[in-house]
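Only one structure is covered here, and it is reproduced in the block below.
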Amino acid sequence: MGTWTDTRKKTGNKLDKWDIGLLAAALGFYLFFAFYDGPALTKDSLSYMTMDLTREPLYPTFLWIFRRIFGEEGYLMPVVVVQSILAAYAAWKLAVTVKRDKGNSNLLALLSVAFQFGVTILCRFVAIRRSSYINCIMTEGIGLSLYVLFIVQLYQYITKEKARNLAGTVLFAFLLVNLRKQMLVTICLMAAVFILYYLLKERKIKRLAVLLALTAGIFVACRFTDKLYNYCFRGVWVEHSGNSMGMLCTLIYTAGEEDADLFEDETLRSFYEEISDEADRQGLKIAYAPEGWVELSSHYADSYDAIGYGIINPVVQGYIKEYDGYTGVEAALKYDEYCNAMVKTLLGQEKGDLVKVLASNTWKGFVNSIARVNRYLNWYAIAAYLLYLGLYARRIWKNKSWAKPDKSASMAEVVLGGIAANSFVVGAMIFCQPRYMIYSMGLFYTALSMMLYDEVKGRMA
């Protein structure tokens, strides 16, 4: 990829006054909310603070370190300050990367930071939650920033092929997967990008094989650290629990009365019949969903937690306590065993309703990744994606080759690939609420602005 060499004037990696000013602005912006709002606790915060077995290792360990340093009473404010500094650095790092790759454009750098600010402003002042995710004691507090840094490193690797960028990509993917299982999308995205560039575009099969092996290694390493974390804190060599509950909620939502016949095990059949009957009684199944994809995805979202936490957990956990006699880690492992077995069985159901839920949920993910699902913004999202794809197609047409190096096109591919992977994975496993989808929101508009910049610059030349 030697042809990727930057054609702008060589300026090295020195920071100019504009770069320093942007960093100061980013720090001021995020730290303002940190001190103005302080730490924000949510319904999920306690499970991270208590290092619950259902949680992945990174964020509980992150909080544990701060507890050790600052004590039980005073550690949350330092956590939020560090999260804010990380957010500022991520926004700034994206901005200076775009600036240096696009002819030292201060305008693009400013827009890039502004788009990241915009996500925070929407969360703080427009969303019902009335707080910034950066201020929350939850995985998004650092996850949004780590994801931006992951995209920056992956983009820089495919355009420059430097070892440090590959190392950065691997590091941030490793951290993200250890942060929440949803971030397995980073591994999917890495594999897709490597296949795109080193199989379809450049035919570098040996390099592709090495990179895919490295990508698979991240997954293996994350399973190891998950078990190591639980061994260190609980004395048991197990991964975090609860991985199957999400898929089970979806399968219960789409299953019918006839699917009880799929179960050969009497215990599992009794679980299914009790859970399904109660979900049916409460109107939590797809048969009760209104017409239309928006209404279906909303009904599914409303039913998801009600099925999982309101029905599945009491039924299965109650049985384990009463009849199996397990408690603590053993009870959690038995719960996983039952849920895994029910998932495998219910995957034998007719797939029509399941596909319908996946399709509506995935499109909701695409919309929530760049806007918010409602009657008007749904059409806006279609227009925005069409503009994005149109500008991308024009970059390819102007280059007269799909494989010709183009930094704006590369950013567009990586960002859109991330949105697609996240929408499909989350759409298949859980409801696509904005919390799970906004990782790419600022990145989408940054990539779009890069392509618009090229278009305007080309017309002015």
Side-chain angles (χ1 to χ4, degrees), residues 39-68 72 75-76 78-80 82-83 86 129 133-147 172-187 218-249 304-305 308-310 312-314 316-317 320 326-340 343 422 425-426 429-431 433 435-436 439:
L41 298 179
T42 71
K43 65 179 182 179
D44 292 332
S45 297
L46 185 62
S47 62
Y48 296 113
M49 295 161 67
T50 58
M51 309 180 85
D52 192 276
L53 183 60
T54 60
R55 296 303 183 183
E56 294 82 358
L58 181 60
Y59 199 64
T61 303
F62 176 73
L63 296 178
W64 175 82
I65 291 170
F66 279 83
R67 277 199 302 275
R68 298 282 292 185
E72 290 284 348
Y75 77 99
L76 291 181
V79 165
V80 170
V82 170
Q83 290 180 173
L86 178 62
R129 65 193 323 279
Y133 284 115
I134 304 303
N135 287 27
C136 290
I137 305 304
M138 58 197 302
T139 52
E140 283 76 13
I142 60 175
L144 297 174
S145 305
L146 292 178
Y147 185 78
F172 289 120
F174 174 76
L175 293 175
L176 284 161
V177 176
N178 275 296
L179 184 68
R180 58 180 301 119
K181 58 180 175 289
Q182 172 195 349
M183 287 294 106
L184 285 169
V185 299
T186 58
I187 295 178
I218 299 171
F219 178 76
V220 174
C222 289
R223 296 193 67 179
F224 174 81
T225 54
D226 198 349
K227 293 179 179 179
L228 179 63
Y229 159 78
N230 282 309
Y231 181 76
C232 291
F233 286 99
R234 294 182 173 85
V236 288
W237 188 259
V238 296
E239 294 181 68
H240 71 280
S241 68
N243 285 331
S244 297
M245 197 264 275
M247 191 63 199
L248 182 57
C249 290
Y304 183 90
D305 280 349
Y309 296 103
I312 293 175
N313 283 1
V316 179
Q317 291 173 353
I320 292 170
Y326 294 133
T327 59
V329 173
E330 287 184 331
L333 295 177
K334 193 65 178 178
Y335 173 86
D336 286 343
E337 180 185 326
Y338 284 137
C339 288
N340 288 338
V343 166
N422 197 33
V425 170
V426 177
M429 299 300 295
I430 193 172
F431 55 100
Q433 64 170 311
R435 170 187 166 187
Y436 303 139
Y439 288 82

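Counted by atom type alone, Asn313 and Tyr335 present one or more donor-acceptor pairs between their side chains at under 3.5 Å.
The shortest heavy-atom contact between Asp336 and Gly242 is OD1-N, 2.9 Å. Minimum heavy-atom separation, Thr42 to Ser45: N-OG, 2.8 Å. When every heavy atom of Leu86 is checked against every heavy atom of Ser145, the shortest pair comes out as CG-CB, 3.7 Å. The shortest non-hydrogen separation linking Met49 to Arg67 is O-NH1, 3.0 Å. Of all heavy-atom pairs spanning Pro60 and Arg55, the tightest one is CG-CB, 4.1 Å. Listed here is the closest heavy atom pair of Gly143 and Leu179: CA-CD2, 3.3 Å.
In this structure, Val79 and Tyr59 have side chains that are in contact, with non-hydrogen atoms separated by less than 4.5 Å. A heavy-atom distance below 4.5 Å is not found between the side chains of Tyr439 and Val185. Counting only heavy atoms from C-beta outward, the side chains of Val426 and Phe431 never approach each other to under 4.5 Å.
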_For a side-chain contact (heavy atoms from CB on, under 4.5 Å) check, start with the C-alpha distance between Ile320 and Thr327, then their side-chain angles and the critical distance, and finish with the verdict._
CA-CA 8 Å; Ile320 292 170; Thr327 59; over 6 Å; no

*Steps toward side-chain contact (heavy atoms from CB on, under 4.5 Å) verdict (Val177, Phe219)*: CA-CA 8 Å; Val177 176; Phe219 178 76; 5.7 Å; no

_The test is side-chain contact (heavy atoms from CB on, under 4.5 Å); show your working for Met429 and Tyr436 and say whether it passes._
CA-CA 11 Å; Met429 299 300 295; Tyr436 303 139; over 6 Å; no

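More than 12 heavy atoms of other residues, nucleotides or ligands lie within 6.0 Å of CZ in Phe233, so this atom counts as buried by the packing criterion. Under a cut-off of 6.0 angstrom, the local environment of OH in Tyr326 is sparse, with at most 12 non-hydrogen atoms contributed by other residues, nucleotides or ligands.
Side-chain N or O atoms of Asn178 include none that pairs as donor or acceptor with a backbone N or O of Pro57 at under 3.5 Å. In this structure, Glu56 contributes its side chain and Lys181 its backbone to a donor-acceptor pair below 3.5 Å. Checking side-chain atoms of Asn135 against main-chain N and O of Pro39 turns up no donor-acceptor pair under 3.5 Å.
In this structure, Glu239 CD and Cys222 SG are separated by 10.0 Å, a value rounded to the nearest 0.5 Å. Expressed to the nearest 0.5 Å, how far CG of Leu175 lies from CZ of Phe62 amounts to 11.5 Å.
A salt bridge links Arg435 with Asp44; the closest basic N to acidic carboxylate O contact falls under 4.0 Å.
Checked against a 6.0 Å centroid threshold, the rings of Trp64 and Tyr48 do not count as neighbours.
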